[in-house]
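Below you'll find the structure, written out as structure tokens, and then a few comments.
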There are 2 protein chains.
Amino acid sequence: MDRFLSSAVNRIDAKGRVSVPAHFRSVVQRRGFTDLYALRALDIPAMDVGGPDLLDRYEERIAVEDPFLQTADDMSFFVHGDGSFLKLDQDGRITVSDFIREHTGIASEVAFVGRGLFFQMWEPERLRAHGEQVRARLRKLRQQAAQDRLAAGAE
Amino acid sequence: MDRFLSSAVNRIDAKGRVSVPAHFRSVVQRRGFTDLYALRALDIPAMDVGGPDLLDRYEERIAVEDPFLQTADDMSFFVHGDGSFLKLDQDGRITVSDFIREHTGIASEVAFVGRGLFFQMWEPERLRAHGEQVRARLRKLRQQAAQDRLAAGAE
DNA sequence: CGGGATATCATGGGAGCTTATGGGCGTCAA
DNA sequence: TTGACGCCCATAAGCTCCCATGATATCCCG
């Protein structure tokens, strides 16, 4: 399987390093990459992380915009300026920069969450809270759907 | 990777010098440039910095304007007359001229921001404010796209 | 089936290189 | 002469490479 699946929590050591879960590393490696690319997620305190191909996908998206309009500029600013390469050392660890800490609130532990084509880095407690919210939204959605079906049947 | 990515904040010393981030320097070198060219960004308090190819990009933009209109003339003046060379010293530092300080508000620290084919120099606090605005615009764009899809599905 | 050997993995720390930053000194031009 | 600038060196902090350890999972063979 060459997708990012499941999750794990790892500890940051005294030098600010953290091990990327071995499974995630092997996915990146199988695609032929040695580096990771991290992007600040738009509306949640998490980093979206993937191989450099993640960057390529975004750049393809930018390419369809008119390069002289503000939207293209915004997208480039976000992708190139609000992201950074994470160099994997020989033991498969990355250093957690202030850039990451600021956006995520990560301090001493990192929660890695597989998301298919990429994975995310979270502060564990925030991830838990976010998970609650997501579940609540999904429950509500399902109830809503059930009610709609009832209403449609009564007509 | 030969693109300008991620960001860093460096301090200006007593002589008015500032180190260009090592990663950016290596990109410049890999592209075969020895000098940097800096332009005042059009509608933001930042410098656009890159190799000579940066000029090509701006000239391309001018080319789409009608040469008889004032806009083209303004832009040409801006690109060819209102830019400056930045010489890298042996330690990879540039001196921050008044030309740059005036347009950006840079005083004691410089934020370098990768933008793919070029990079930008910002006053750190202004960069933060600008980043917020960009993220807000992109969030709005995403919501808009989601609504459009819903509307299309309802037809 | 069981238990020891082996491999894998997260984590800790030492050593050396790279980078950012500060400052001295000579040169050239206003 | 003075101030801006280029060249050189020094230093401290940060980062990368390398090795060690313990815990866990996997394998293999009796």
Side-chain angles (χ1 to χ4, degrees), chain A residues 1 4-30 33-38 49 84-102 106-114 119-124 127, chain B residues 1 4-30 33-38 49 84-102 106-114 119-124 127:
Chain A
M1 185 60 63
F4 298 102
L5 291 172
S6 88
S7 66
V9 175
N10 287 345
R11 179 190 309 240
I12 298 179
D13 70 13
K15 290 180 173 181
R17 300 172 300 183
V18 66
S19 294
V20 175
H23 173 250
F24 288 4
R25 270 165 15 215
S26 74
V27 172
V28 174
Q29 223 174 9
R30 216 168 307 148
F33 302 127
T34 52
D35 284 331
L36 293 172
Y37 183 68
V49 189
S84 90
F85 271 107
L86 304 177
K87 260 170 278 181
L88 279 167
D89 70 14
Q90 290 177 285
D91 302 325
R93 284 183 283 196
I94 56 175
T95 54
V96 182
S97 60
D98 288 344
F99 178 77
I100 293 176
R101 293 175 195 264
E102 266 176 36
I106 287 172
S108 65
E109 289 191 320
V110 181
F112 293 86
V113 184
F119 66 88
Q120 290 183 323
M121 291 172 64
W122 285 81
E123 195 283 316
L127 173 62
Chain B
M1 190 60 59
F4 296 102
L5 285 172
S6 86
S7 62
V9 175
N10 286 344
R11 183 178 316 173
I12 299 180
D13 71 11
K15 291 179 174 182
R17 301 171 300 183
V18 66
S19 294
V20 175
H23 174 250
F24 287 6
R25 279 177 351 228
S26 75
V27 173
V28 171
Q29 227 176 7
R30 217 169 309 149
F33 304 141
T34 50
D35 282 327
L36 291 173
Y37 197 72
V49 188
S84 83
F85 278 104
L86 302 178
K87 263 170 282 180
L88 279 167
D89 71 14
Q90 289 179 287
D91 301 327
R93 285 184 281 198
I94 56 175
T95 53
V96 182
S97 61
D98 288 345
F99 176 78
I100 293 175
R101 293 176 195 264
E102 268 173 35
I106 286 171
S108 65
E109 290 190 319
V110 181
F112 293 86
V113 183
F119 65 88
Q120 290 182 324
M121 293 172 63
W122 286 80
E123 194 284 316
L127 171 64

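Here is the naming used below: chain letters follow the sequence lines, and residue numbers restart at 1 for every chain. What you see is a predicted model; the values in this text were computed from it and never measured.
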Outermost contacting nts on DNA chain C, any atom under 4.0 Å from chain B heavy atoms, listed 5' then 3', are C:dT19 to C:dC25
Taking only heavy atoms on the protein side, list every residue of residues 6-18 of chain A lying under 4.0 Å from any atom of DNA chain C, sorted numerically.
A:N10, A:R11, A:D13, A:K15, A:R17
First and last nt of DNA chain D near chain A, cut-off under 4.0 Å to heavy atoms, 5' to 3', are D:dT16 to D:dC19
Spacing of CG belonging to A:L86 relative to OG belonging to A:S97, to within rounding of 0.5 Å
7.0 Å
CD1 of A:I106 to CD1 of A:I12, rounded to nearest 0.5 Å, is 6.0 Å
Is the shortest heavy-atom distance from the side chain of A:Q29 to the side chain of A:L88 under 4.5 Å?
no
Above 12 or not: heavy atoms from other molecules or residues under 6.0 Å from CZ of A:R11?
no
Most 5' of A:T95 and A:D91 on DNA chain D, judged by nearest nucleotide
A:T95
Mark yes or no for whether B:D91, through its side chain, and B:R93, through its backbone, hold a donor-acceptor pair below 3.5 Å.
no
Value for OG (A:S7) from NE2 (A:H23), rounded to nearest 0.5 Å, stands at 12.0 Å
Please list, chain by chain and in numerical order, all residues satisfying side-chain contact (heavy atoms from CB on, under 4.5 Å) with B:K87, sequence neighbours excluded.
B:D35
A:E102: which residues meet the side-chain contact (heavy atoms from CB on, under 4.5 Å) condition with it, sequence neighbours left out?
A:R40, B:R128
Could you check whether atom CD of A:E109 has more than 12 heavy atoms from other residues, nucleotides or ligands sitting under 6.0 Å from it?
yes
Ring pair (Phe, Tyr, Trp, His ring centres under 6.0 Å) with A:F4: which residues, sequence neighbours excluded?
A:F24, A:F119
